[in-house]
Amino acid sequence: MTIRKPVAAQRARPFTQWLVGLISSEYLVFGLTLLLVALLAPFTPGLVSIANLLNIAGYLLPLFIVAIGVTLVMITGGIDLSVTSVIALTSVVGAKLISADGSATPTVVGLVAMLALGAGLGAVNGGIITCLRLPAFIVTLASMMFLSGFAVWITQSKNIYNLPASFLALGKQLSIALGLTITLALCVQVVLQRTVYGRWLYAVGQNPTAAYISGVPVRAVTFAAYVVSGFCAALASVMLSARLETGSPVLGREILLDIIGATVVGGTSLFGGKGKIAWTFFGVLFLTVLDNALNLLNLSQFAITIAKGTVILLAAVLDATRHRLGRQNA
Amino acid sequence: MKTIRHAILASFSILCLVGCSKPDSTGNAPNGARKITVGVAFETLQTEYWVAGFEAIKTELSKLDIAMVEAVADSDASRQLQQVKGFITRGVDGIILVPKDAKTCIPMIRAANEAQIPIVLFNRPADKTDAISTAIVADNAKLTQETVAYMVDQARKIGSKHKAVVVLGDLGDINAIGRRDGFEAAIKGNENIIEVVSRVPSEWNQEKAQAGVANALQANPDIDFIFTSSDFLFPSITSALKAVGRYKKIGEKGHVILGGFDGDATAYQMLVDGYLDATGVQDVYFEAKSAVQALIDMREGKKLPQLIIDPGFVIHQGNLKESSPRMWGANIKKKG
């Protein structure tokens with residue numbers, strides 16, 4: 001008995017190390033996605049067919065774009081709850097501008113207006129948060145309500161149709177959406193990894209006081225993250241509006257959980273200071289594939305929602321565990 | 001890290017293997033013949049009406065031995081488009097769709113048209129489009145007008161001028177617009193009996209309906225006529241009425257003439273208990289049967305009209321006994 005104990009302990013140690021390694025791995029969620037597909041594909045008609053993969057991509061790309069912006073905000077330790085309302089407002093403003101029933105301005109002008117409005121709304125959020133030092137949660141919650149109400153008011157709840165073909169092409173041709181998304185994702189990842197701003201962003205998220213003392217312009221860095229978040233939401237709005245051929249004052253109202261959830265599932269820390277665009281992609285991919293596969297399995301929406309909620313909760317627990325492990329190792 | 005990489009590689013290998021063997025997308029009948037499969041996509045299942053509609057479609061399909069695959073979009077039009085495309089990928093033989101609204105469903109109809117899969121819209125029609133579909137819809141405006149006309153008659157019998165509140169739905173929903181228009185049409189010409197003092201925008205939200213009616217009662221304590229665009233808002237309205245001691249039975253002093261639309265279980269119970277004057281009932285069984293029949297007809301190449309109208313009916317204290325078997329809410333209530 002006395003001899004066996006240390007052997008068991010020795011066996012347990014590699015397992016613990018393996019478990020810690022697995023939890024800490026940045027490819028965990030991607031691995032889980034592949035495992036999910038591998039496990040479900042034999043029972044799920046058409047899950048890995050080309051048509052379904054294209055279908056998943058069409059739904060995933062706008063979500064990923066919004067999540068990119070949210071990732072930056074979360075790296076600073078903040079949160080942006082207003083992204084869905086930015087999507088709705090930019091959708092109706094853009095559609096009003098370019099619709100044949102509206103002022104029929106050129107598509108390019110409408111697009112620029114949408115993106116500028118998105119960035120501007122992000123700037124308002126960022127400005128209030130940094131200048132008035134208010135919690136991001138409250139500020140973006142308030143702007144979510146304000147912008148959502150404003151979108152409904154200016155349209156009187158009516159959707160806007162008759163959008164020009166040049167605009168609709170952005171939703172119909174997956175290659176355009178894919179190109180835009182990849183370009184944006186790569187640019188933001190390069191900024192995060194290779195620029196001073198990227199390092200500042202992580203520093204602000206890890207410890208804003210220490211970052212400030214070290215000379216990081218904390219306010220400007222945080223402000224810029226919200227501007228990017230607003231811009232990304234507007235870009236997603238372009239894709240969603242084009243995909244649905246409609247400017248809608250309730251566009252994206254129901255996807256906030258998916259956006260924040262996917263970002264957290266990917267591994268971006270709720271506590272700030274940690275996150276990568278690739279992780280966010282893995283999170284969005286995982287939740288989208290899960291949703292799609294469970295749908296194809298013909299499970300009820302109640303079961304799907306419960307499954308997604310459970311996954312997001314597990315991801316939050318995992319994040320807390322990683323955070324604790326990180327502290328212990330530090 | 002090595003272990004994880006190996007796990008990923010293993011998953012990839014399995015993925016490649018299963019990817020090569022594409023499973024059958026539809027069910028098969030016991031005799032080996034291919035069973036027809038219909039995809040049923042609902043925008044939401046958050047109210048009794050939609051659940052009753054969903055169950056009625058399920059029953060109709062099962063009567064005809066048609067397999068069903070389902071999807072609920074949780075009020076997200078983009079997700080619903082993905083779900084409809086998912087049905088097409090699976091190779092379903094027909095699609096029954098409850099769209100979020102009249103416009104965002106057009107790309108879904110187009111996708112079904114391109115795949116040459118018949119598509120029927122349940123309870124909500126599409127806006128004007130070149131995309132081909134058939135919609136089964138209640139005549140919201142007409143049925144509301146008849147319901148409110150009955151309420152106006154009750155007010156006329158009482159004699160005095162009534163102050164009215166109308167609880168509107170989400171005006172992005174074409175059905176809500178029809179019900180609003182039906183209400184206004186019924187009031188027009190009866191202004192000597194009914195004065196509309198408040199139009200509450202509920203956006204199909206119970207909290208907003210409750211707050212709106214409570215505010216209206218605060219501003220006009222003598223309100224005695226309330227019409228709601230959907231029965232599912234009755235709990236909010238009765239809560240606001242109870243708070244000011246105005247929830248009274250028909251015939252009692254201070255009774256508020258109440259009317260609604262849908263015909264759900266709450267409305268049935270209120271009719272039985274004598275609190276509700278009338279409600280416009282959407283004939284969910286007619287709509288489900290017509291939707292399934294329309295799909296079958298479309299598969300057989302028959303040309304159908306763009307709209308198939310559910311005439312519905314008004315149920316009130318005078319016809320409660322004979323009409324309740326056709327009221328879906330009554331059947332839910334009786335089943336317990």
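Proteins get letters first, then strands, A, B, ... in listed order; numbering begins at 1 in each.
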Side-chain donor or acceptor of B/D74 paired with backbone N/O of B/D76 under 3.5 Å: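 No.
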Under 3.5 Å donor-acceptor, A/Q173 side chain and A/L168 backbone: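 Checked: no pair found.
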Closest-packed option against chain B by number of heavy-atom pairs under 4.5 Å, given A/N55, A/T246, A/N52: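 Ranked by heavy-atom pairs under 4.5 Å with chain B, first place is A/N55.
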Selection from A/V250, A/L251, A/D291 maximising heavy-atom pairs under 4.5 Å formed with chain B: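 Most heavy-atom pairs within the cutoff with chain B belong to A/D291.
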Working for ring pair (Phe, Tyr, Trp, His ring centres under 6.0 Å), residues A/W279 and A/F30: CA-CA 8 Å; A/W279 297 357; A/F30 185 58; over 10 Å; no
Pick from B/Q83, B/M68, B/K103, B/K85 with the largest number of heavy-atom pairs that fall under 4.5 Å of chain A: B/K103
Geometric class of the B/F183/B/F227 ring pair [parallel <30°, tilted 30-60°, perpendicular >60°]: parallel
Residue A/L240 versus chain B: region with a heavy atom under 4.5 Å: side chain
Which atoms of A/T33 approach chain B - backbone, side chain, both or neither, heavy atom under 4.5 Å: neither
Separation of B/L81 CG from A/R243 CZ (nearest 0.5 Å):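 Interatomic distance, A/R243 CZ to B/L81 CG, rounded to 0.5 Å: 4.5 Å.
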Pair B/T104-B/D101, side-chain donor/acceptor within less than 3.5 Å: yes
Donor-acceptor pair between B/S230 and B/D262 side chains, under 3.5 angstrom: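 A donor-acceptor contact under 3.5 Å links the two side chains.
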Residues that B/A141 engages under side chain to side chain contact (heavy atoms under 4.5 Å, CB included), provided they are two or more places apart: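 Side chain to side chain contact (heavy atoms under 4.5 Å, CB included) check on B/A141 returns B/D139.
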Those residues of residues 106-125 of chain B, ordered by number, that approach chain A below 4.5 Å (heavy atom to heavy atom): B/I106, B/P107, B/R110
